[in-house]
Amino acid sequence: MRKLLMIGTLLSLLCAPCEAQQKMRDVFLQMPDSLLPYLTENNRLDFLDFMDSKMKAAVQNSLGGKSEMLSLSDDSLSLQVSPSLHVVMRLFPVIEAVDSCQQVVCMISTYGTDAPESKVELYSVLWNPIDVSAHLSLPREPYTATFMKEPSAGLSLRQANHLDVIAYEEQKKELPWLKYIEWKP
């Protein structure tokens, strides 16, 4: 009888909906290595330990370079994964539960230094991919993205610079666009 009660309790805990708001540190620890192959689970644990100790959160990544966690809060984090890859993540609220939770992870990966370009992706807090177009209207042209200061407001996008010098000189004559995208929960 006790075994049945214990098994029932364990199953109910595993199947229980995500009632409490998730914290970014917990979501980050659960992130699969395949999403940021530079960083192992141990690297992620080290980042959190260093941040908790108020130390510089820098680790040697799996490619032999340095990666650094620049900031961590309950709903966001910022990583300099390599000199040419910057990643920021933020938890956004959703009206309709995704994987039994009322939050999703928005991840912006910005590649390059001279002519940076961003990629925006959405995941459940269990790291299942979500269709970005259901929540954000991203442009077709290359862009760089940043989160707006208000936690649930959205993103600001700027037209990406081109590597081609001639095209860049032509682009300077035009005003680059700036867009603000509201988060659609």
Side-chain angles (χ1 to χ4, degrees), residues 10-52 57-63 65-82 84-112 116-139 143-148 150-157 181-185:
L10 286 173
L11 284 175
S12 67
L13 288 173
L14 289 174
C15 298
C18 176
E19 294 175 15
Q21 296 289 352
Q22 294 286 308
K23 302 272 192 242
M24 180 53 79
R25 69 182 298 120
D26 300 323
V27 174
F28 181 61
L29 279 177
Q30 295 173 9
M31 184 168 84
D33 291 347
S34 61
L35 292 180
L36 278 177
Y38 282 70
L39 302 173
T40 65
E41 182 179 2
N42 285 338
N43 290 145
R44 294 192 304 274
L45 284 166
D46 287 344
F47 278 146
L48 297 176
D49 287 344
F50 291 142
M51 293 299 279
D52 291 344
V59 299
Q60 185 168 350
N61 61 44
S62 60
L63 295 179
K66 294 286 184 199
S67 296
E68 183 178 357
M69 180 176 278
L70 304 173
S71 67
L72 173 67
S73 70
D74 286 347
D75 68 345
S76 66
L77 67 78
S78 175
L79 298 168
Q80 189 68 48
V81 181
S82 73
S84 60
L85 174 58
H86 183 248
V87 174
V88 288
M89 297 179 209
R90 183 175 284 174
L91 293 171
F92 278 120
V94 288
I95 295 170
E96 208 170 295
V98 179
D99 288 343
S100 301
C101 289
Q102 298 297 131
Q103 293 171 299
V104 295
V105 179
C106 184
M107 183 164 88
I108 301 172
S109 302
T110 303
Y111 302 90
E117 190 172 325
S118 296
K119 177 181 177 184
V120 176
E121 299 169 288
L122 286 178
Y123 297 94
S124 72
V125 293
L126 300 178
W127 294 101
N128 293 317
I130 300 171
D131 179 23
V132 175
S133 64
H135 298 282
L136 297 169
S137 301
L138 296 174
Y143 60 88
T144 57
T146 55
F147 289 116
M148 294 168 74
E150 296 175 38
S152 62
L155 296 100
S156 57
L157 306 173
I181 297 179
E182 294 288 321
W183 173 249
K184 296 183 248 175

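Heavy-atom basis, side chains included; hydrogens, waters and symmetry copies ignored. Computed from a predicted structure; not experimentally measured.
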Using the salt bridge (Lys or Arg N to Asp or Glu O under 4.0 Å) rule, pick out the option among Asp26, Asp33, Asp49 that qualifies with Arg44.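 That would be Asp33; it is the only one of Asp26, Asp33, Asp49 passing the salt bridge (Lys or Arg N to Asp or Glu O under 4.0 Å) with Arg44.
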Partner residues of Gln30 under the side chain to side chain contact (heavy atoms under 4.5 Å, CB included) criterion, sequence neighbours left out: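 Only Leu126, Trp127 meet the side chain to side chain contact (heavy atoms under 4.5 Å, CB included) criterion with Gln30.
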Rounded to the nearest 0.5 Å, what separates atom CZ in Arg90 from atom CE in Met107?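 Between atom CZ of Arg90 and atom CE of Met107 there are 15.5 Å.
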Distance check, rounded to the nearest 0.5 Å: Ser109 atom OG versus Leu35 atom CG?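 That separation rounds to 9.0 Å.
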Determine the sole option in Asp74, Val125, Leu77 for which the side chain to side chain contact (heavy atoms under 4.5 Å, CB included) test with Leu91 is passed.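 Considering Asp74, Val125, Leu77, a side chain to side chain contact (heavy atoms under 4.5 Å, CB included) with Leu91 is found only for Val125.
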Heavy atoms, side chains only, cut-off 4.5 Å: are Val98 and Leu122 in contact?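 They are not in contact (no side-chain heavy atoms under 4.5 Å apart), so the answer is no.
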Close side-chain approach of Tyr38 to Leu85, heavy-atom, < 4.5 Å: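 Sidechains of Leu85 and Tyr38: in contact.
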Would you check if the side chain of Gln102 reaches a backbone N or O of Val94 as a donor-acceptor pair within less than 3.5 Å?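 Present.
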Can any side-chain N or O of Asp99 pair as donor or acceptor with the backbone N or O of Cys101 at less than 3.5 Å?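 The answer is no, because no donor-acceptor pair under 3.5 Å joins these two groups.
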Short side-chain donor-acceptor distance under 3.5 Å, Thr40 and Asn42: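 On atom types as modelled, these side chains do not qualify, holding no pair under 3.5 Å.
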Verify the distance criterion only: is there a donor paired with an acceptor across the side chains of Ser118 and Thr110 at less than 3.5 Å?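 Result is yes, a qualifying pair exists.
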What residues, two or more places apart in sequence or in another chain, satisfy ring pair (Phe, Tyr, Trp, His ring centres under 6.0 Å) together with Phe147?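 By the ring pair (Phe, Tyr, Trp, His ring centres under 6.0 Å) rule, Phe147 matches Phe92.
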Minimum heavy-atom distance Leu72-Met51, with the two atoms named: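 Minimum heavy-atom contact is N-CE, 3.7 Å.
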If every non-hydrogen atom of Leu136 is compared with every non-hydrogen atom of Cys106, which pair is closest and at what distance?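 Reported closest heavy-atom pair: CD1-SG, 4.4 Å.
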